[in-house]
Amino acid sequence: MSVVVLISGRGSNMQALLDAGLPVAAVIGNRADAAGLAIAARRDLVTAAIEHKDYRTREEFDAALAAEIDRHSPRLVALAGFMRILTPGFVAHYAARLVNIHPSLLPAFPGLDTHRRALAAGVKVHGCSIRFGGARVCHGPIIVQAAVPVRPGDTPDRLAARVLRQEHVVYPRAVRWFLDGRLVVRDGVVSVKGSDAQLVYSDSD
Ligand code: GRF
């Protein structure tokens with residue numbers, strides 16, 4: 001029933017998963033200095049650092065990462081601010097039990113620097129997406145999205161903070177649905193058995 005969470009940095013989404021009481025078996029980082037690893041350790045979780053810089057190729061790094069993950073036989077692998085592109089072999093290995101968070105309303109703004117790009121494009125609504133799949137392709141089936149308004153005078157940081165608050169709302173929800181066996185993917189479209197809100201809109205700051 002457990003989840004392995006992969007992080008690269010501060011780990012606020014990981015904390016949201018923990019705070020929601022989800023069964024996290026381990027937190028693994030690709031940098032030993034990821035702040036989130038220290039937070040997880042303080043919460044008595046199993047942590048590990050598999051440092052990408054110690055491996056010559058992406059394939060070797062991904063193999064070491066998969067070996068560490070598989071020690072826990074997780075039902076789900078949750079990428080939570082994990083800033084490495086994963087190889088197709090890794091993504092295929094976890095297939096339908098790999099989820100990721102992306103700070104935009106996909107398919108808009110795949111890739112990096114989403115908040116600055118959203119402001120530059122002049123969009124009036126922005127947000128985040130939880131989806132199946134690894135980091136290479138930003139088009140895995142979308143499980144849930146949260147939308148927020150873009151306000152006049154927003155900076156990338158202010159917009160990022162507004163989106164992040166909603167990331168912390170929808171990521172635990174998506175993981176819970178998965179563990180409860182409620183997600184159905186048909187022709188690339190995700191629905192939730194028993195139906196539930198796959199769209200959150202929040203205009204609070
Ligand atoms: C989040 O905004 C996530 O969407 C993006 O990286 C950030 C990670 O934040 N991919 P945190 O480490 O979960 O605090």
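Every number for a ligand or one of its atoms is a count from 1 in the order of the listing. Counting from 1, the numbers follow the sequence of the chain as shown. Treat the numbers as computed from the prediction; the structure is a model and nothing was measured.
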Identity and distance of the protein heavy atom lying nearest atom 7 (C) of ligand 1: Arg10 NH2, 4.1 Å
Residues Lys193 and Asp180 bridged, charged N to O under 4.0 Å: no
When you measure from atom 10 (N) of ligand 1 to each heavy atom in Ile130, Asn13, Leu79, Ile101, which option holds the nearest one? Ile101
Exercise: do [X] and [Y] side chains pair donor with acceptor under 3.5 Å:
X: Tyr94; Y: Asp70; answer: yes
X: Glu59; Y: Thr87; answer: no
X: Ser12; Y: His168; answer: yes

Would you sort out whether Met14 and Leu17 count as a side-chain contact (heavy atoms from CB on, under 4.5 Å), showing the intermediate values? CA-CA 5 Å; Met14 170 209 76; Leu17 298 178; 5.5 Å; no
Do any heavy atoms of Gly11 fall under 4.0 Å from ligand 1? yes
Numbering as shown, the atoms of ligand 1 that approach Glu167 to under 4.0 Å (heavy-atom distance): 1 (C), 2 (O), 3 (C), 4 (O)
Within the 4.0 Å heavy-atom shell around Gly81, which atoms of ligand 1 are there? 6 (O), 8 (C), 10 (N)
